[in-house]
Amino acid sequence: MTEQAQNTTHFGFQTVPEEEKAGMVHGVFTRVASRYDLMNDLMSAGIHRVWKDAMMDWLAPQPWQRLLDVAGGTGDIAFRFLKRAPGAQAVVCDLTESMLVEGQKRAEAERLGEDLDWVVGDAMALPFETGSFDVVTNAFGTRNVTRIQDWLNEAYRVLRPGGRLMVLEFSQMPNPMLQWAYDRYSFNVIPVMGQIVTNDRGSYQYLVESIRKFPDQDTFADMIRRAGFEQVKYRNMSMGIAALHSGWKI
Ligand SMILES: C[S@@+](CC[C@H](N)C(=O)[O-])C[C@H]1O[C@@H](n2cnc3c(N)ncnc32)[C@H](O)[C@@H]1O
């Protein structure tokens, strides 16, 4: 007689049943995959590269490490890792095969294929053994995941004791005036740019909405702690437009 209440989540500003979100996210990244890297440079005026380099500076990759880059898309983080630590191993895992295909083309062009694997998989149920990585990273993927706590728990599981998690994600600017100005830019310019470059305004409308739905720095740091990580710290990038979060599995 009683029907169980359906669990819901957000897809940008829409409320959707939890089981539908991953399919919708997969649709977004399948549509934008071929122009994803170009759009990243245009939307951020290249600043995403500075943030990703800052991630590597803090992470300090080592040649003996095995990296798992979750929601790794076209490979930006894995490529940087391998270039800084020749001899290291990296696995890029992503829900959307088309993003990985674009990454594989880049890896071939940059001759980085040998130390790199590409795996289709979900951050919430990582297809890897417990304790099998030294480092787990994620750049701009977390806010797309349906149950973020599940993904953080999985990151903890697949890391070996002594391993490190680092997440780069859009965040909240502590200064409300700057946040207001940034919102004007995001909501008015990025979807139009998406329309012009990818002929897909809707996907970029989702992307800017998903940024606004993501928890602030301290709330997200608490979620990382809840997964079991210790020494959790974050650094704001570009006055809090994005933030880098670090935690250790002790
Ligand atoms: C904004 S892109 C980031 C790509 C890359 N990390 C970068 O920094 O350029 C987000 C990526 O997250 C992936 N993604 C979304 N939900 C996921 C999930 N549940 N598990 C694994 N990957 C997911 C998407 O397919 C997409 O490739």
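Keep in mind that what you see is a predicted model, and the values were worked out from it rather than measured. Whatever order the structure lists them in is the order used to number ligands and atoms, beginning at 1.
- Of all protein heavy atoms, the one lying nearest to atom 20 (N) of ligand 1 is Ala123 N, 2.9 Å.
- Considering each of Asn40, Asp94, Thr74, Ile148, the one bringing a non-hydrogen atom nearest atom 24 (C) of ligand 1 is Asp94.
- Contact record, Trp151 with Leu165: CH2-CD1, 4.0 Å, taken as the closest heavy-atom pair.
- What sits closest to atom 3 (C) of ligand 1 on the protein, heavy atoms only, is Tyr36 OH, 3.1 Å.
- Glu108 and Gln104 are not linked by any side-chain donor-acceptor pair at a separation below 3.5 angstrom, with hydrogens and angles left out of the test.
- At least one cation-pi condition fails for Lys21 and Phe11: the charged atom is not both under 6.0 angstrom from the six-membered ring centre and inside a 45 degree cone around its axis.
- Atoms of ligand 1 found under 4.0 Å from any heavy atom of Gly72, numbered from 1 in the order shown, are 5 (C), 6 (N).
- A cation-pi arrangement is absent between Arg143 and Phe214, since the terminal nitrogen or guanidinium carbon is not both under 6.0 Å from the aromatic centre and inside a 45° cone about the axis.
- For Gln65 (side chain) and Val135 (main-chain N/O), no donor-acceptor pair under 3.5 Å exists by modelled atom type.
- Summary of contacts: the protein heavy atom closest to atom 22 (N) of ligand 1 is Leu95 N, 3.2 Å.
- Glu154 contributes no side-chain N or O that, together with a main-chain N or O of Asp122, makes up a donor-acceptor pair within less than 3.5 Å.
- Between Asp76 and ligand 1, not a single N/O pair is under 3.5 Å apart.
- Considering backbone and side-chain N/O atoms, Ala139 comes within less than 3.5 Å of an N/O atom of ligand 1.
- Here the side chains of Phe229 and Ile250 are not in contact, with every heavy-atom distance at 4.5 Å or above.
- Remark: minimum distance from atom 19 (N) of ligand 1 to any protein heavy atom is reached at Asp122 OD1, 3.0 Å.
- In this structure, the protein non-hydrogen atom closest to atom 12 (O) of ligand 1 is Ala71 CB, 3.3 Å.
- For Lys52, every heavy-atom contact with ligand 1 shorter than 4.0 Å involves the side chain, none the backbone.
- Contact check for Glu209 versus Lys213: no side-chain heavy atoms found under the 4.5 Å cut-off.
- Listed by number with element, the atoms of ligand 1 under 4.0 angstrom from any heavy atom of Gly121 are 20 (N), 21 (C).
- Proximity of a side-chain donor or acceptor of Ser186 to a complementary backbone N or O of Tyr182 within less than 3.5 Å is detected.
- Proximity to Val25 (heavy-atom distance under 4.0 Å) selects the following atoms of ligand 1: 15 (C), 16 (N).
- Close approach of ligand 1 to Thr96 is summarised as follows: ligand atoms under 4.0 Å from at least one heavy atom of the residue are 24 (C), 25 (O).
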